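Here's the structure we're looking at; comments come further down.
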Amino acid sequence: MDQSDFEGTLVLEKLALIGKVDDFFEAIDSDDFGKAKVLMKRAQVDAEEMTLVLKMMEQGDGEL
């Protein structure tokens, strides 16, 4: 999967199911990679999507 195939809404939908969207955006805003990863794991985001989100955070590219 590359960025062109990535659908950030799916990640956000999974985070919404556990009520952690705001916490996730706070983690992104503060570059807290550890917290973002933990939240995505709790939301059962698959490893490939998680890796892409963390890469996007690191590069500061795109939006979810």
Side-chain angles (χ1 to χ4, degrees):
M1 173 185 293
D2 63 19
Q3 260 182 305
S4 63
D5 296 329
F6 179 68
E7 178 57 58
T9 358
L10 298 176
V11 173
L12 295 177
E13 286 175 4
K14 290 178 181 181
L15 288 160
L17 289 173
I18 64 167
K20 295 295 181 182
V21 174
D22 289 339
D23 292 342
F24 181 70
F25 279 119
E26 287 175 16
I28 289 174
D29 290 343
S30 63
D31 291 330
D32 190 340
F33 292 84
K35 183 174 182 179
K37 187 174 181 177
V38 166
L39 291 169
M40 287 189 285
K41 281 184 179 183
R42 282 190 199 154
Q44 299 179 348
V45 172
D46 69 55
E48 193 174 15
E49 288 178 319
M50 195 178 313
T51 300
L52 188 53
V53 169
L54 295 172
K55 181 179 175 184
M56 290 170 66
M57 281 178 67
E58 185 177 279
Q59 295 173 349
D61 289 345
E63 295 200 15
L64 292 179

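Bear in mind the structure is a predicted one, so any value in this text is a computation, not a measurement.
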Nearest-0.5 Å distance that lies between atom CG in Leu12 and atom CG in Leu17: 11.0 Å
With a 4.5 Å cut-off on side-chain heavy-atom distances among I, L, V, M, F, W and Y, is there a chain of contacts connecting [X] to [Y]?
X: Val11; Y: Met50; result: yes
X: Val53; Y: Val38; result: no
X: Leu39; Y: Phe33; result: yes

Determine the minimum heavy-atom distance between [X] and [Y], stating which atoms define it.
X: Met40; Y: Phe24; answer: CG-CE1, 3.7 Å
X: Leu54; Y: Ala36; answer: CD2-CB, 4.4 Å
X: Met57; Y: Ala27; answer: CE-O, 4.0 Å

Heavy-atom neighbours of Lys35 NZ exceed 12 at 6.0 Å: yes
With Lys14 via salt bridge (Lys or Arg N to Asp or Glu O under 4.0 Å) - residues at least two apart: Glu49
Inter- and intrachain pairs under salt bridge (Lys or Arg N to Asp or Glu O under 4.0 Å), touching residues 22-33, at least two apart: Lys20-Asp23
